[in-house]
Amino acid sequence: MDAKIIIVVAADQGLRRSVAFALEVEGHPTGSYDTVQNAEASCQEALCTILDDEILKSETLAATRLLNNLGRRAILLVDGLSALQPRANYTTLTKPFTGADLISVINSVIEAAT
């Protein structure tokens with residue numbers, strides 16, 4: 001994996017495809033996975049990882065560990081009803097969001113990494 005890849009992890013195939021498409025249109029190569037287990041190795045080498053909060057329900061321990069390990073290189077997609085409290089070590093983006101919102105968050109992560 002190249003450090004410029006953005007990993008998208010979501011159980012929902014439509015969400016994965018939509019996020020990946022929005023990123024690829026902006027010139028960001030992506031990798032998409034339906035589970036944390038499948039994505040974990042790739043996430044370590046990626047520019048950042050976008051994780052849907054639904055994954056936390058099915059893979060609570062693995063997803064929490066991944067978020068903690070990635071820190072600022074993680075973006076958690078949450079809905080407005082999420083019981084999760086935002087943490088300082090990763091970024092949250094509330095669903096529904098626009099492509100512009102997504103790109104803005106990605107650009108912030110890229111700036112923070114440089």
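Since the model is a prediction, treat every value here as computed from it, not as a measurement.
Under the 4.5 Å side-chain heavy-atom criterion for ILVMFWY residues, no single connected hydrophobic cluster contains both Leu102 and Phe21.
By the neighbour-count criterion of 12 heavy atoms within 6.0 Å, atom CD of Gln37 is sparsely surrounded, having that number or fewer from other residues, nucleotides or ligands.
At least one side-chain heavy atom of Thr35 sits less than 4.5 Å from a side-chain heavy atom of Glu59. By the 4.5 Å heavy-atom criterion applied to side chains, Ile106 and His28 are counted as neighbours. No side-chain heavy atom of Gln13 sits less than 4.5 Å from a side-chain heavy atom of Asp34. Annotation: side chain of Val105 is not in contact with side chain of Ile50 (no heavy-atom distance under 4.5 Å). Using a 4.5 Å heavy-atom threshold, the side chains of Cys43 and Leu66 count as touching. Between Leu76 and Leu56 there is a side-chain heavy-atom pair separated by less than 4.5 Å. Counting heavy atoms from C-beta on, the side chains of Thr49 and Gln44 never come closer than 4.5 Å. Taking 4.5 Å as the limit, every side-chain heavy atom of Ile55 sits out of range of all side-chain heavy atoms of Thr60.
Taking CD1 from Ile103 and OG from Ser108, the interatomic distance works out to 11.0 Å, rounded to the nearest 0.5 Å.
Residues Asp101 and Thr98 bring a donor and an acceptor atom of their side chains to less than 3.5 Å of each other.
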Run the numbers on Ile75 and Ile6 for side chain to side chain contact (heavy atoms under 4.5 Å, CB included), then give the verdict. CA-CA 10 Å; Ile75 299 167; Ile6 297 172; over 6 Å; no
Dump the intermediate steps for side chain to side chain contact (heavy atoms under 4.5 Å, CB included) on Thr92 and Asp53, then the final yes or no. CA-CA 10 Å; Thr92 59; Asp53 66 349; over 6 Å; no
Kindly determine whether Thr94 and Leu77 satisfy side chain to side chain contact (heavy atoms under 4.5 Å, CB included), including the steps that lead there. CA-CA 6 Å; Thr94 303; Leu77 304 179; over 6 Å; no
What's the verdict on side chain to side chain contact (heavy atoms under 4.5 Å, CB included) for Leu70 and Tyr90, showing C-alpha distance, side-chain angles and the deciding distance? CA-CA 8 Å; Leu70 293 175; Tyr90 57 81; over 6 Å; no
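Contact detail for Phe97 and Val19: the closest heavy-atom pair is CZ-CG2, 4.0 Å. For the residue pair Ala39 and Val9, the shortest heavy atom distance occurs at CB-CG2, 3.5 Å. The heavy-atom pair separating Ala20 from Thr30 by the smallest distance is CB-OG1, 3.6 Å.
Only one option out of Lys95, Lys57, Arg16 pairs with Asp52 in a side-chain hydrogen bond (donor to acceptor under 3.5 Å, both in side chains); it is Lys95.
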